[in-house]
Asks: 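Before we start, here is the structure in question, set down as structure tokens.
Residue indices begin at 1 and follow the sequence shown. Values below: every heavy atom of this structure, side chains too, minus hydrogens, waters and symmetry copies.
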Amino acid sequence: MPGLFPYLHFPGTAREALTYYQSVFGGDVALASYSEFGRTDGPADAIAHGMLRGRVELFAADAGPEDETLDLHGVMFSLLGTAGPEESESWFRGLADGGRIVDPLQLRPWGDHDGTVIDRFGVTWLIGYQG
């Protein structure tokens with residue numbers, strides 16, 4: 001499983017976030033609770049480790065007492081050329097639902113399409129496709 005995979009720590013919303021990302025990107029979600037991992041430092045049903053596997057892959061967990069929670073500044077997740085026009089447009093709309101469009105997904109002077117959106121969890125995405 002080589003590659004770079006974002007691992008996000010949520011403030012008790014990892015299950016909701018991964019389910020949301022699955023509804024946007026498709027794929028399969030696997031979740032393991034604190035109790036399944038033998039953790040006693042939080043609610044038994046909190047997510048100790050979760051992952052979305054598919055075209056877009058993310059790892060996530062509910063932050064433990066010593067963990068910082070998701071607070072992204074100066075970073076965006078870029079999905080440029082990952083999908084064709086129809087799928088990219090769908091992703092953009094899905095991420096904008098409950099979020100905020102920073103720059104609409106549109107044709108650029110160089111001939112490609114891209115746009116920026118901040119999703120409901122505060123993650124900034126750059127979505128784009130060629131032609």
Asks: Enumerate the residue pairs fulfilling salt bridge (charged side-chain N to carboxylate O under 4.0 Å, His left out) with a member in residues 111-122, sequence neighbours excluded, ordered by first and then second residue.
Replies: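 Sorted result for residues 111-122: D97-R120, R108-D114.
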Asks: For Y34, check side-chain hydrogen bond (donor to acceptor under 3.5 Å, both in side chains) against everything at least two apart and list the hits.
Replies: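 Testing Y34 for side-chain hydrogen bond (donor to acceptor under 3.5 Å, both in side chains), a comparison that skips the adjacent residues, returns R39.
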Asks: Show every salt bridge (charged side-chain N to carboxylate O under 4.0 Å, His left out) that has at least one partner inside residues 73-93, sequence neighbours left out.
Replies: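 Listed by first then second residue: R55-E87.
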Asks: Only one of Y20, F59, F5, Y21 forms a side-chain contact (heavy atoms from CB on, under 4.5 Å) with L52, so which one is it?
Replies: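 Looking at Y20, F59, F5, Y21, the match for L52 under the side-chain contact (heavy atoms from CB on, under 4.5 Å) is Y21.
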Asks: Which residue, T116, L126, L105, forms the side-chain contact (heavy atoms from CB on, under 4.5 Å) with F92?
Replies: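 Between F92 and the candidates, side-chain contact (heavy atoms from CB on, under 4.5 Å) is satisfied uniquely by L105.
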Asks: Which residues pass the ring pair (Phe, Tyr, Trp, His ring centres under 6.0 Å) test with Y129, sequence neighbours left out?
Replies: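 In terms of ring pair (Phe, Tyr, Trp, His ring centres under 6.0 Å), with neighbours along the sequence ignored, Y129 is linked to H113.
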Asks: Are M51 and V56 linked, directly or through other ILVMFWY residues, by side chains that come within less than 4.5 angstrom of each other?
Replies: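 No, M51 and V56 fall in different hydrophobic clusters.
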Asks: Please list every donor-acceptor pair under 3.5 Å in which a side-chain atom of residues 7-19 meets a protein atom from a residue at least two apart or in another chain.
Replies:
{"from": "Y7", "atom 1": "OH", "to": "H49", "atom 2": "ND1", "distance (Å)": "2.6"}
{"from": "R15", "atom 1": "NH2", "to": "D45", "atom 2": "O", "distance (Å)": "3.2"}
{"from": "T19", "atom 1": "OG1", "to": "R15", "atom 2": "O", "distance (Å)": "2.8"}

Asks: Just wondering, do W91 and V117 contact through their side chains at under 4.5 Å, heavy atoms?
Replies: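 Contact flag for V117/W91 side chains = no.
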Asks: Without placing hydrogens or testing angles, list every side-chain donor-acceptor pair under 3.5 Å for residues 64-84, not counting sequence neighbours.
Replies:
{"from": "D67", "atom 1": "OD2", "to": "G64", "atom 2": "N", "distance (Å)": "2.8"}
{"from": "D71", "atom 1": "OD1", "to": "H73", "atom 2": "NE2", "distance (Å)": "2.8"}

Asks: Flag the pair I127 / L95 as yes when at least one side-chain heavy-atom distance between them is below 4.5 Å, and no otherwise.
Replies: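 The answer is yes; the side chains approach within 4.5 Å.
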Asks: Determine the minimum heavy-atom distance between S33 and A44, stating which atoms define it.
Replies: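 For S33 and A44, the tightest heavy-atom pair comes out as CB-O, 3.3 Å.
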Asks: Hey, could you give me the CG/CD1 distance between D62 and I47, rounded to the nearest 0.5 Å?
Replies: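 Those atoms lie 6.0 Å apart.
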Asks: Which distance, rounded to the nearest 0.5 Å, do you find between the OG1 of T124 and the CG of D103?
Replies: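 T124 atom OG1 to D103 atom CG measures 12.0 Å (nearest 0.5 Å).
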Asks: Take atom CD of Q130 as the centre, draw a 6.0 Å sphere, and report whether it contains more than 12 heavy atoms from other residues, nucleotides or ligands.
Replies: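 Check fails, neighbour count at 12 or below.
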